[in-house]
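Encoded as structure tokens, the structure appears first; notes follow it.
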Amino acid sequence: MKIEQIISDAAAKAVKALYGVDAAPGTTTPQKTKKEFEGNLTLVVFPFLKASHKAPEATAQEIGEYLLAHEPAVAAFNVIKGFLNLVIAPAFWSEMLHHIDEEEQFGIRQATPDAPLIMVEYSSPNTNKPLHLGHVRNNLLGYSLSEILKANGNRVVKTNIVNDRGIHICKSMLAWQKWGDGITPEKAGKKGDHLIGDFYVLFDKHYKQEVKELEAQGMTAEEAEAASPLMQEARAMLRKWEAGDPEVRSVWEMMNNWVYAGFDETYRRLGVDFDKIYYESQTYLEGKEKVLEGLEKGIMYRKEDGSVWADLTGEGLDHKLLLRSDGTSVYMTQDIGTAKLRFKDYPIDKMIYVVGNEQNYHFQVLSILLDKLGFKWGKDLVHFSYGMVELPEGKMKSREGTVVDADDLMDEMIATARETSAELGKLDGCTAEEAEEISRIVGLGALKYFILKVDPRKNMTFNPKESIDFNGNTGPFIQYTHARICSVMRKAAEAGIDYRHEDTSLVAPTEKEISLIQHLADFPSVVAEAGRIYSPSLIANYVYDLVKEYNQFYHDYAILREANSQVRAFRLMLSANVAKVIKSGMGLLGIEVPDRM
RNA sequence: GGUUGAGUAGCUCAGCUGGAUAGAGCAACAGCCUUCUAAGCUGUGGGUCUUGGGUUCGAAUCCCAACUCAAUCACCA
């Protein structure tokens with residue numbers, strides 16, 4: 001049982017015995033004692049004053065004496081104002097560490113076959129351009145969230161809905177046909193997604209030129225945009241695509257495959273994956289049927305022009321279009337269709353959409369509509385909404401080429417890691433392959449941690465030159481600590497020391513060691529809380545605090561140099577378990593930790 | 001205007017279920033490597049927690065109002 005629970009129960013008993021009342025729920029839960037006071041856990045006694053009819057100090061004193069007499073885990077106490085600071089017996093902490101040491105997967109729960117099935121949708125790219133920094137945030141959040149949910153004993157299906165059809169891809173296709181001269185990724189020596197992205201930008205360039213010329217002839221901006229021959233051609237191509245024109249379809253298929261090959265490489269480097277990929281071209285017609293079904297049931301209504309709408313004024317929202325007057329689908333209809341397919345494929349209990357905050361309204365509406373249409377998870381669907389990533393000079397605009405490309409970014413991070421490592425002489429004695437692997441792990445670790453440590457709701461500014469540091473509250477700092485512990489463990493092994501062969505049960509931990517053990521013991525509840533509130537940043541900050549604390553310990557205490565073999569073994573055990581929790585915690589963020597760096 | 005989210009040190013952020021003197025990192029300055037990895041550790045300076053009310057023994061935290069910023073409120077996706 002957790003120490004907090006033991007103390008809470010004992011405190012409730014104390015209040016009952018001393019004052020004859022039941023303590024209100026939650027009031028007996030202790031909190032961590034602040035660093036500047038003596039003790040490990042603190043009980044705030046203000047809530048009990050009404051029952052005790054005594055001053056805070058006297059009440060705390062009484063409860064403290066009761067606990068000392070009746071609860072063996074309590075070794076001592078002190079009172080400051082209304083705060084009862086409890087010192088937990090060192091032997092208890094020692095036992096706690098042994099318990100942590102025995103659990104290979106400490107803090108991680110395995111899913112049972114009947115555990116809730118949660119589907120997490122993330123990434124969801126368009127196929128007309130490569131992934132950029134905004135996608136990186138999305139992918140990292142989605143992957144980490146999935147890992148955290150798994151660690152809480154859920155079954156998780158990671159899914160990606162690829163937006164592979166529409167006017168945007170037609171633009172790229174058209175530009176490729178007009179100016180591509182039959183080029184392929186192989187011939188260009190370029191990743192397919194980048195090649196297609198180039199044609200998208202090229203289309204926009206020519207299109208803007210056309211609009212400008214038409215405006216010069218006296219058209220308004222709106223008229224010019226409609227009259228642009230290029231845009232008309234792109235629209236015609238989309239109509240052909242929808243009609244199943246073989247030629248258009250074959251170009252479309254070829255170019256999308258180029259893009260997928262590029263995406264796959266980016267995903268692999270980023271370390272994210274999916275259990276099931278949906279393609280919009282295969283789902284976009286699905287929603288219509290469901291909407292018509294809703295029309296029959298009176299959930300939707302039809303206007304005179306034939307368009308179909310949902311009236312959401314009862315929910316405080318507006319009317320929402322679901323089918324155009326020509327009978328075609330809009331975005332919302334497609335999402336309803338995708339939901340239908342997903343539910344057919346998996347009996348999901350919960351659906352989580354990792355999508356930027358610009359779609360808050362969309363998901364609010366989707367939730368209501370799915371609920372009305374009878375999806376059991378519709379009402380409680382989670383829109384995991386995250387803020388924009390902006391650059392120092394403002395927003396990223398793909399058409400203007402002011403985006404930070406995901407592949408370039410990873411290259412840069414890894415290159416910086418390589419340089420920094422070389423400067424510090426960290427890679428001396430490594431093979432070229434080892435050095436490259438370490439640079440990769442460290443560079444990506446810096447990037448991932450930088451993004452995941454902040455609250456997803458917040459917009460974040462990303463300065464490519466300054467943002468990513470390797471010192472302080474960073475991924476490499478945490479990785480470094482792990483590597484350092486591994487180094488100690490290696491040296492221990494070389495010296496023939498195995499802490500498990502030593503009897504460490506009677507070693508009394510010092511205050512600093514207790515503090516570390518207490519921190520380690522928190523890991524399971526942090527994982528649980530991160531799963532409850534969907535927060536990778538909680539894990540990131542927890543690991544940082546743990547590492548900070550360990551480095552102080554490492555600095556002040558001898559481990560292998562300790563003469564007493566039992567104490568030495570105890571400290572090795574403590575170190576090994578800190579490394580273990582660092583590794584699991586970072587794993588929940590999708591960040592690898594190297595054994596040396 | 002409606003809705004949602006954010007506002008804490010020069011900068012980037014923790015602090016969410018109300019508790020003790022509001023914490024980290026970066027940047028600046030000053031120290032610590034013949035000894036387990038100095039990507040580390042220690043110290044100094046830096047705050048009207050946007051503002052005003054309210055609830056409470058106690059508010060950065062909860063409630064109300066205002067202000068600022070962002071997103072959104074399309075027969076785009």
Side-chain angles (χ1 to χ4, degrees), chain A residues 26 29 31 33-37 42 44-47 49-50 56 80-83 85 124 126 163 165-168 280 284 305 307 309 316-318 320-326 328-332 334-335 356-362 364-365 383 385-388 390 395 417 420-421 423-426 442 446 450 453-455 457-461 463 466-467 469-481 483-492 495 529 533 535 537-538 540-541 544-545 547-548 551-562 568 571-572 575 596-597:
Chain A
T29 309
Q31 52 191 267
T33 304
K34 290 210 163 198
K35 282 261 184 289
E36 54 268 38
F37 302 104
T42 295
V44 182
V45 303
F46 290 106
L49 300 185
K50 274 194 184 120
I80 295 167
K81 295 191 279 185
F83 299 92
N85 299 322
S124 310
N126 290 349
N163 185 7
R165 63 162 284 280
I167 192 72
H168 49 84
E280 202 186 273
Y284 83 111
D305 64 1
S307 57
W309 297 72
L317 302 173
D318 213 338
K320 180 73 194 173
L321 176 87
L322 292 166
L323 290 175
R324 297 188 185 101
S325 48
D326 64 3
T328 56
S329 296
V330 295
Y331 176 43
M332 184 63 72
Q334 292 170 29
D335 255 2
N357 64 7
E358 74 272 15
Q359 293 194 31
N360 286 354
Y361 182 76
H362 174 81
Q364 202 183 341
V365 172
H383 174 207
S385 165
Y386 60 90
M388 303 280 108
E390 290 169 14
K395 278 179 196 143
T420 308
S421 299
E423 265 170 41
L424 295 170
K426 297 290 184 185
V442 173
F450 178 81
K453 77 173 175 186
V454 315
D455 185 337
R457 285 173 302 192
K458 290 186 174 171
N459 287 357
M460 58 187 293
T461 306
N463 186 330
E466 292 170 20
S467 277
D469 212 325
F470 290 77
N471 303 311
N473 187 357
T474 66
F477 167 72
I478 293 164
Q479 292 171 320
Y480 174 71
T481 305
R484 219 181 196 188
I485 295 172
C486 288
S487 171
V488 174
M489 301 317 285
R490 274 194 302 271
K491 290 234 160 67
E529 182 65 4
I533 64 170
S535 176
S537 67
L538 209 61
N541 287 304
Y544 173 68
D545 288 339
V547 162
K548 188 88 189 132
N551 277 324
Q552 289 163 2
F553 163 78
Y554 181 89
H555 185 265
D556 295 341
Y557 286 72
I559 301 171
L560 291 173
R561 293 189 312 249
E562 168 61 42
R568 184 176 62 199
R571 289 181 184 163
L572 277 169
S575 301
R596 58 168 298 181
M597 65 185 269

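No hydrogens, no waters, no symmetry mates; every other heavy atom, side chains included, goes into these values. Note that this is a predicted model, so its numbers are computed, not measured.
Within 4.0 Å of Val488(A), counting heavy atoms only, lie sugar-phosphate atoms of the nucleic acid but no base atom. Nucleic acid contact for Tyr557(A): base, since at least one base atom lies under 4.0 Å from a heavy atom of the residue. At a threshold of 4.0 angstrom between heavy atoms, the contacts of Glu280(A) are confined to the sugar-phosphate backbone, with no base atom among them. Counting any heavy atom pair closer than 4.0 Å across all strands shown, Tyr361(A) reaches sugar-phosphate atoms only and no base atom.
The side-chain contact (heavy atoms from CB on, under 4.5 Å) search around Glu390(A) returns Met388(A), Lys395(A), Asn459(A), not counting sequence neighbours. By the ring-ring contact (aromatic ring centres under 6.0 Å, His included) test, His168(A) is found to be paired with no residue, residues two or more places apart in sequence or in another chain being considered. Residues satisfying the side-chain hydrogen bond (donor to acceptor under 3.5 Å, both in side chains) test with Gln552(A), not counting sequence neighbours, are Lys512(A). Take Arg165(A) and apply the salt bridge (charged side-chain N to carboxylate O under 4.0 Å, His left out) test, not counting sequence neighbours, and it matches Glu242(A), Glu280(A). For the side-chain contact (heavy atoms from CB on, under 4.5 Å) test, residues two or more places apart in sequence or in another chain that qualify with Val330(A) are Leu321(A), Arg324(A), Met332(A), Thr333(A). With sequence neighbours left out, Tyr331(A) forms a side-chain hydrogen bond (donor to acceptor under 3.5 Å, both in side chains) with Gln359(A). Scored by the ring-ring contact (aromatic ring centres under 6.0 Å, His included) test, Tyr386(A) finds no partners at all (sequence neighbours excluded). With sequence neighbours excluded, the residues forming a side-chain contact (heavy atoms from CB on, under 4.5 Å) with Lys34(A) are Glu36(A), Phe37(A), listed by chain and number. Applying the ring-ring contact (aromatic ring centres under 6.0 Å, His included) criterion to Tyr361(A), with sequence neighbours excluded, gives no partner residue.
Met332(A) has its CE atom 12 Å from the C1' atom of C73(B), to the nearest Å. In this structure, CD of Gln31(A) is placed 18 Å from P of G58(B), rounded to the nearest angstrom. If you measure from atom CG of Leu49(A) to atom C1' of U56(B), you get 13 Å, rounded to the nearest angstrom. Atom P of nucleotide A70(B) and atom CD of Glu390(A) are separated by 9 Å, given to the nearest angstrom. Spacing between atom CG of Asp318(A) and atom C1' of G2(B) amounts to 10 Å, rounded to whole angstrom units.
Residues Asn360(A) and Ser385(A) have side chains that bring a donor and an acceptor to within less than 3.5 angstrom of each other.
Between Phe477(A) and Tyr544(A), the ring centre distance stays below 6.0 Å.
As rounded to the nearest Å, A60(B) and C49(B) have P atoms that lie 8 Å from one another. Here, G47(B) and G15(B) have their C1' atoms 15 Å apart, quoted to the whole Å. Comparing the same atom, P, in U8(B) and in G52(B) gives a spacing of 16 Å after rounding to whole Å. Comparing the C1' positions of A22(B) and U48(B) gives an interatomic distance of 13 Å, to the nearest angstrom. C16(B) and A59(B): their C1' atoms are spaced 14 Å apart (whole Å). One C1' atom belongs to U42(B), the other to A65(B), and the distance between them is 47 Å to the nearest Å. Nucleotides G18(B) and G53(B) are separated by 24 Å at their P atoms, to the nearest Å. Remark: the separation of the P atoms in C26(B) and G43(B) is 14 Å, to the nearest Å.
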Write out a two-atom table: protein N or O, nucleotide N or O from nucleotides 13-18 of chain B, distance below 3.5 Å.
{"residue": "A14(B)", "atom": "OP1", "partner": "Asp455(A)", "partner atom": "N", "Å": "2.7"}
{"residue": "A14(B)", "atom": "OP2", "partner": "Lys458(A)", "partner atom": "NZ", "Å": "2.5"}

Pairs under 3.5 angstrom, nitrogen or oxygen only, protein versus nucleotides 39-42 of chain B, please.
{"residue": "A39(B)", "atom": "OP1", "partner": "Lys426(A)", "partner atom": "NZ", "Å": "2.1"}
{"residue": "A39(B)", "atom": "OP1", "partner": "Tyr480(A)", "partner atom": "OH", "Å": "3.4"}
{"residue": "A39(B)", "atom": "O3'", "partner": "Asn471(A)", "partner atom": "OD1", "Å": "3.2"}
{"residue": "A39(B)", "atom": "N6", "partner": "Ser421(A)", "partner atom": "OG", "Å": "2.9"}
{"residue": "G40(B)", "atom": "OP1", "partner": "Gly472(A)", "partner atom": "N", "Å": "3.1"}
{"residue": "G40(B)", "atom": "OP2", "partner": "Asn471(A)", "partner atom": "OD1", "Å": "3.3"}
{"residue": "G40(B)", "atom": "O2'", "partner": "Arg484(A)", "partner atom": "NH1", "Å": "3.0"}
{"residue": "G40(B)", "atom": "O2'", "partner": "Arg484(A)", "partner atom": "NH2", "Å": "3.4"}
{"residue": "C41(B)", "atom": "OP1", "partner": "Lys548(A)", "partner atom": "NZ", "Å": "3.3"}
{"residue": "C41(B)", "atom": "O2'", "partner": "His555(A)", "partner atom": "ND1", "Å": "3.1"}
{"residue": "U42(B)", "atom": "OP1", "partner": "Gln552(A)", "partner atom": "NE2", "Å": "3.0"}

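For Ser325(A), the side-chain atoms get nearest to C75(B) when compared with the rest of C75(B), A20(B), U35(B). Closest to the side chain of Tyr544(A), out of G25(B), C36(B), A20(B), is G25(B). Listed nucleotides C36(B), G19(B), A77(B) differ in distance to Asn126(A); the shortest reach to its side chain belongs to A77(B).
With RNA chain B read from its 5' end, the first of the two nearest nucleotides for Arg324(A) and Asn357(A) is the one closest to Asn357(A). Where Pro47(A) and Lys50(A) each meet RNA chain B at their nearest nucleotide, the meeting point lying more 5' is that of Pro47(A).
Residue side chain Phe37(A) meets the stacking definition with respect to A20(B): its ring centre sits within less than 5.5 angstrom of the base's six-membered ring centre, and the planes differ by less than 30 degrees.
Stem regions for RNA chain B, each three or more consecutive Watson-Crick or G-U pairs with both distances under 3.5 Å and listed by first number, read B:1-7 with B:67-73, B:10-13 with B:23-26, B:28-32 with B:40-44, B:50-54 with B:62-66.
Dashed line: the shortest gap from a side-chain N or O of Lys491(A) to OP1 or OP2 of U37(B) is under 4.0 Å.
When all heavy atoms are compared, the tightest approach of Tyr284(A) to Ser329(A) is O-OG, 3.6 Å.
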